[in-house]
Amino acid sequence: TRCWSSGCAVSAPSAKLLAPPAGSRAEMRTVTGDLITLAIEGEFDVIVHGCNCFTAMDAGIARAVRDRLPEAFAADRATVVGDLGKLGTYTSAEIIRDGVRFTVINAYTQGNYWGSGALVDYDAIRSNFRAIAKNFPGARIGYPKIGAGLAGGDWDRIAAIIDEELEGRDHTLVVLP
(Lines give C-alpha, C1' and ligand atoms only; values in the text may rest on other atoms or scores of the structure.)
Protein backbone atom coordinates (compact mmCIF):
# COMPACT_ATOMS: atom_id res chain seq x y z
CA THR A 1 0.00 0.00 0.00
CA ARG A 2 1.32 3.47 -0.87
CA CYS A 3 -0.32 6.39 0.87
CA TRP A 4 -0.16 10.16 1.15
CA SER A 5 -2.27 12.79 2.89
CA SER A 6 -5.17 12.52 0.42
CA GLY A 7 -5.51 8.75 0.73
CA CYS A 8 -4.06 5.39 -0.25
CA ALA A 9 -3.46 3.86 -3.67
CA VAL A 10 -4.63 0.55 -2.23
CA SER A 11 -6.95 0.64 0.73
CA ALA A 12 -5.13 -0.18 3.94
CA PRO A 13 -6.53 -2.98 6.09
CA SER A 14 -8.60 -1.75 8.97
CA ALA A 15 -6.87 -1.81 12.29
CA LYS A 16 -8.19 -3.07 15.62
CA LEU A 17 -7.71 0.04 17.66
CA LEU A 18 -9.03 2.03 20.55
CA ALA A 19 -9.38 5.78 20.20
CA PRO A 20 -8.28 8.11 22.99
CA PRO A 21 -11.16 9.31 25.19
CA ALA A 22 -13.32 11.98 23.56
CA GLY A 23 -12.04 15.48 24.22
CA SER A 24 -8.57 14.30 25.23
CA ARG A 25 -5.46 15.91 23.79
CA ALA A 26 -2.82 13.22 23.57
CA GLU A 27 0.74 14.48 23.29
CA MET A 28 3.90 12.59 22.55
CA ARG A 29 4.81 10.12 25.25
CA THR A 30 8.35 8.80 25.51
CA VAL A 31 9.32 5.27 26.51
CA THR A 32 12.64 3.46 26.53
CA GLY A 33 12.83 0.20 24.63
CA ASP A 34 13.05 -1.46 21.25
CA LEU A 35 10.35 -0.24 18.86
CA ILE A 36 10.11 -3.50 16.92
CA THR A 37 10.00 -5.68 20.04
CA LEU A 38 7.30 -3.48 21.56
CA ALA A 39 5.23 -3.80 18.38
CA ILE A 40 5.66 -7.59 18.36
CA GLU A 41 4.55 -7.61 22.01
CA GLY A 42 1.33 -5.82 21.01
CA GLU A 43 2.09 -2.33 22.33
CA PHE A 44 1.48 -0.59 18.98
CA ASP A 45 -0.92 -0.97 16.09
CA VAL A 46 1.30 1.08 13.78
CA ILE A 47 5.03 1.73 13.85
CA VAL A 48 6.67 4.37 11.67
CA HIS A 49 10.27 4.73 10.60
CA GLY A 50 11.92 7.08 8.15
CA CYS A 51 13.22 5.90 4.78
CA ASN A 52 15.19 7.40 1.94
CA CYS A 53 13.96 7.23 -1.65
CA PHE A 54 16.70 4.81 -2.74
CA THR A 55 15.31 1.68 -1.00
CA ALA A 56 18.51 1.48 1.05
CA MET A 57 17.63 0.14 4.48
CA ASP A 58 21.25 -0.34 5.44
CA ALA A 59 21.61 1.55 8.73
CA GLY A 60 19.78 2.69 11.84
CA ILE A 61 16.26 1.55 12.61
CA ALA A 62 15.67 0.90 8.91
CA ARG A 63 18.27 -1.88 9.00
CA ALA A 64 16.54 -3.45 12.00
CA VAL A 65 13.20 -3.23 10.14
CA ARG A 66 14.80 -4.81 7.06
CA ASP A 67 16.31 -7.65 9.09
CA ARG A 68 13.43 -8.34 11.48
CA LEU A 69 10.37 -7.37 9.41
CA PRO A 70 11.19 -8.40 5.83
CA GLU A 71 7.62 -7.71 4.72
CA ALA A 72 8.26 -3.99 5.26
CA PHE A 73 11.51 -4.18 3.31
CA ALA A 74 9.66 -5.91 0.46
CA ALA A 75 7.11 -3.06 0.38
CA ASP A 76 9.96 -0.55 0.10
CA ARG A 77 11.74 -2.58 -2.59
CA ALA A 78 8.52 -2.67 -4.66
CA THR A 79 8.95 1.08 -5.31
CA VAL A 80 11.17 2.77 -7.89
CA VAL A 81 14.73 3.27 -6.65
CA GLY A 82 15.64 6.96 -6.46
CA ASP A 83 12.13 8.27 -7.17
CA LEU A 84 12.09 11.57 -5.25
CA GLY A 85 8.35 11.73 -5.88
CA LYS A 86 8.04 9.31 -2.96
CA LEU A 87 9.02 12.08 -0.50
CA GLY A 88 6.12 12.70 1.85
CA THR A 89 4.43 9.39 0.99
CA TYR A 90 4.77 5.96 2.53
CA THR A 91 4.54 2.28 1.84
CA SER A 92 3.23 -0.11 4.44
CA ALA A 93 3.24 -3.76 5.35
CA GLU A 94 0.92 -5.63 7.65
CA ILE A 95 2.87 -7.84 10.02
CA ILE A 96 1.63 -10.81 12.03
CA ARG A 97 3.94 -12.30 14.66
CA ASP A 98 2.72 -14.82 17.23
CA GLY A 99 -0.87 -13.76 16.64
CA VAL A 100 -0.10 -10.05 17.05
CA ARG A 101 -1.00 -7.85 14.08
CA PHE A 102 0.51 -4.42 13.39
CA THR A 103 1.40 -2.21 10.44
CA VAL A 104 4.86 -0.94 9.56
CA ILE A 105 5.00 2.43 7.81
CA ASN A 106 8.03 3.09 5.62
CA ALA A 107 7.78 6.90 5.65
CA TYR A 108 9.78 8.55 2.86
CA THR A 109 11.31 11.42 4.82
CA GLN A 110 14.59 11.95 3.01
CA GLY A 111 15.61 11.90 -0.63
CA ASN A 112 19.00 10.25 -0.30
CA TYR A 113 21.34 8.91 2.36
CA TRP A 114 24.63 10.61 1.51
CA GLY A 115 26.08 14.08 1.78
CA SER A 116 26.59 16.59 4.54
CA GLY A 117 24.07 18.56 6.53
CA ALA A 118 20.50 17.62 7.31
CA LEU A 119 19.11 15.08 4.84
CA VAL A 120 15.62 15.07 6.35
CA ASP A 121 12.76 16.80 4.54
CA TYR A 122 10.55 18.44 7.19
CA ASP A 123 7.63 18.83 4.79
CA ALA A 124 7.83 15.10 4.06
CA ILE A 125 7.64 14.36 7.77
CA ARG A 126 4.58 16.57 8.08
CA SER A 127 2.90 15.00 5.06
CA ASN A 128 3.57 11.48 6.33
CA PHE A 129 2.22 12.07 9.82
CA ARG A 130 -0.81 13.90 8.44
CA ALA A 131 -1.54 10.88 6.25
CA ILE A 132 -0.98 8.47 9.14
CA ALA A 133 -3.40 10.45 11.32
CA LYS A 134 -6.01 10.28 8.56
CA ASN A 135 -5.47 6.67 7.50
CA PHE A 136 -5.05 5.11 10.96
CA PRO A 137 -7.59 6.84 13.21
CA GLY A 138 -7.47 5.54 16.76
CA ALA A 139 -4.21 3.66 16.23
CA ARG A 140 -1.57 3.30 18.91
CA ILE A 141 1.40 4.71 16.97
CA GLY A 142 5.07 4.21 17.84
CA TYR A 143 8.16 5.69 16.22
CA PRO A 144 11.85 6.45 16.84
CA LYS A 145 13.42 9.91 16.50
CA ILE A 146 12.53 9.95 12.81
CA GLY A 147 14.83 12.19 10.79
CA ALA A 148 16.98 13.20 13.78
CA GLY A 149 19.51 10.38 13.71
CA LEU A 150 21.34 9.51 10.51
CA ALA A 151 19.30 12.10 8.54
CA GLY A 152 20.64 14.88 10.80
CA GLY A 153 17.39 16.74 11.45
CA ASP A 154 16.48 18.92 14.41
CA TRP A 155 14.52 16.69 16.81
CA ASP A 156 12.74 19.58 18.53
CA ARG A 157 11.40 20.76 15.17
CA ILE A 158 10.43 17.21 14.14
CA ALA A 159 8.75 16.49 17.48
CA ALA A 160 6.67 19.66 17.13
CA ILE A 161 5.53 18.55 13.66
CA ILE A 162 4.60 15.08 14.92
CA ASP A 163 2.69 16.48 17.91
CA GLU A 164 0.80 18.87 15.65
CA GLU A 165 -0.14 16.26 13.06
CA LEU A 166 -1.02 13.58 15.62
CA GLU A 167 -2.89 15.89 17.97
CA GLY A 168 -5.47 13.91 19.91
CA ARG A 169 -3.92 10.61 18.85
CA ASP A 170 -2.20 7.93 20.95
CA HIS A 171 1.46 8.24 19.89
CA THR A 172 4.75 7.33 21.50
CA LEU A 173 8.41 8.08 20.88
CA VAL A 174 10.52 4.98 21.58
CA VAL A 175 14.18 5.57 22.42
CA LEU A 176 16.74 2.81 22.78
CA PRO A 177 18.15 2.21 26.27
Side-chain angles (χ1 to χ4, degrees), residues 1-17 26 28-29 34-57 59-79 83 85-97 100-111 113 120-151 153 158-159 161-167 169-174:
T1 304
R2 184 165 172 193
C3 301
W4 49 95
S5 60
S6 61
C8 294
V10 177
S11 60
S14 59
K16 54 153 188 86
L17 310 169
M28 183 184 299
R29 287 180 313 206
D34 179 288
L35 178 64
I36 296 169
T37 298
L38 290 170
I40 291 169
E41 291 173 350
E43 295 297 320
F44 300 113
D45 304 300
V46 174
I47 61 172
V48 186
H49 73 106
C51 290
N52 62 66
C53 294
F54 283 80
T55 68
M57 288 190 178
I61 183 96
R63 183 180 186 124
V65 168
R66 179 194 75 190
D67 294 347
R68 295 175 63 192
L69 305 171
E71 303 94 327
F73 183 51
D76 183 38
R77 298 290 292 188
T79 67
D83 176 8
K86 294 187 287 189
L87 273 175
T89 71
Y90 66 81
T91 55
S92 65
E94 186 153 335
I95 309 293
I96 301 173
R97 295 288 187 280
V100 175
R101 180 184 302 255
F102 60 96
T103 300
V104 175
I105 300 292
N106 300 319
Y108 297 103
T109 58
Q110 65 187 78
Y113 55 93
V120 68
D121 182 311
Y122 296 105
D123 291 335
I125 288 178
R126 181 174 301 284
S127 179
N128 269 289
F129 279 95
R130 182 173 293 148
I132 291 163
K134 177 182 178 186
N135 297 326
F136 297 92
R140 297 171 298 152
I141 303 165
Y143 46 84
K145 286 189 173 182
I146 292 175
L150 297 172
I158 294 166
I161 291 169
I162 294 170
D163 262 340
E164 185 177 323
E165 295 303 329
L166 296 183
E167 183 176 359
R169 308 286 194 296
D170 181 349
H171 64 106
T172 304
L173 167 66
V174 179

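In this text the structure is predicted, and so the values were computed from the model without any measurement.
A heavy-atom distance below 4.5 Å is found between the side chains of S92 and T103. Proximity of V65 to F73: side-chain heavy atoms (C-beta onward) are nowhere separated by under 4.5 Å. Counting heavy atoms from C-beta on, the side chains of E71 and V104 never come closer than 4.5 Å. For the pair I158 and Y122, the minimum side-chain heavy-atom distance is below 4.5 Å. Looking at L166 and I141, their side chains come closer than 4.5 Å, going by heavy atoms from C-beta outward. Contact annotation: the side chain of T109 approaches that of I146 to within less than 4.5 Å [non-hydrogen atoms, C-beta and beyond].
I47 and A39 make their closest contact through CG2-CB, 3.7 Å (heavy atoms, listed as atom of the first residue, atom of the second, distance). Closest heavy-atom contact between S127 and G88: OG-O, 2.9 Å. Closest of all the heavy-atom pairs between A72 and I95 is N-CD1, 4.4 Å. Nearest heavy-atom pair across F136 and I105 is CE1-CD1, 3.7 Å.
Annotation: the span from I125 atom CD1 to N128 atom CG amounts to 8.0 Å, rounded to 0.5 Å. Distance check: Q110 CD to L87 CG gives 9.0 Å after rounding to the nearest 0.5 Å. The structure places CG of L35 at 9.5 Å from CG of L173, a figure rounded to the nearest 0.5 Å. For the atom pair I61 CD1 and I36 CD1, the distance stands at 4.5 Å (nearest 0.5 Å).
The salt bridge (Lys or Arg N to Asp or Glu O under 4.0 Å) test applied to R77 returns no partner, not counting sequence neighbours. Listed by chain and residue number, nothing satisfies the side-chain hydrogen bond (donor to acceptor under 3.5 Å, both in side chains) test with N52 (two or more places apart in sequence, or in another chain). The side chain to side chain contact (heavy atoms under 4.5 Å, CB included) test applied to E165 returns R126, F129, R130, I161, not counting sequence neighbours. The side-chain hydrogen bond (donor to acceptor under 3.5 Å, both in side chains) test applied to R29 returns D170, T172, not counting sequence neighbours. Residues forming a ring pair (Phe, Tyr, Trp, His ring centres under 6.0 Å) with F54 (at least two apart in sequence, or on another chain): W114. With sequence neighbours excluded, the residues forming a side-chain hydrogen bond (donor to acceptor under 3.5 Å, both in side chains) with D34 are T37, R68, listed by chain and number.
Neither side chain, Y90 nor D76, offers a donor N or O lying under 3.5 Å from an acceptor on the other. A donor atom on one side chain and an acceptor atom on the other are not found under 3.5 Å apart for H49 and Y143. A donor-acceptor contact under 3.5 angstrom links the side chains of N106 and T91, judged on distance only.
In terms of modelled atom types and a separation under 3.5 Å, the side chain of K86 and the main chain of Y108 share no donor-acceptor contact. Under the 3.5 Å distance criterion, the side-chain polar atoms of R63 are left unmatched by any main-chain donor or acceptor of M57. The backbone N or O of E167 sits less than 3.5 Å from a side-chain atom of R169, completing a donor-acceptor pair.
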query = Given E43 and R140, is the salt bridge (charged side-chain N to carboxylate O under 4.0 Å, His left out) satisfied, shown in steps?
reply = CA-CA 8 Å; E43 295 297 320; R140 297 171 298 152; 5.2 Å; no

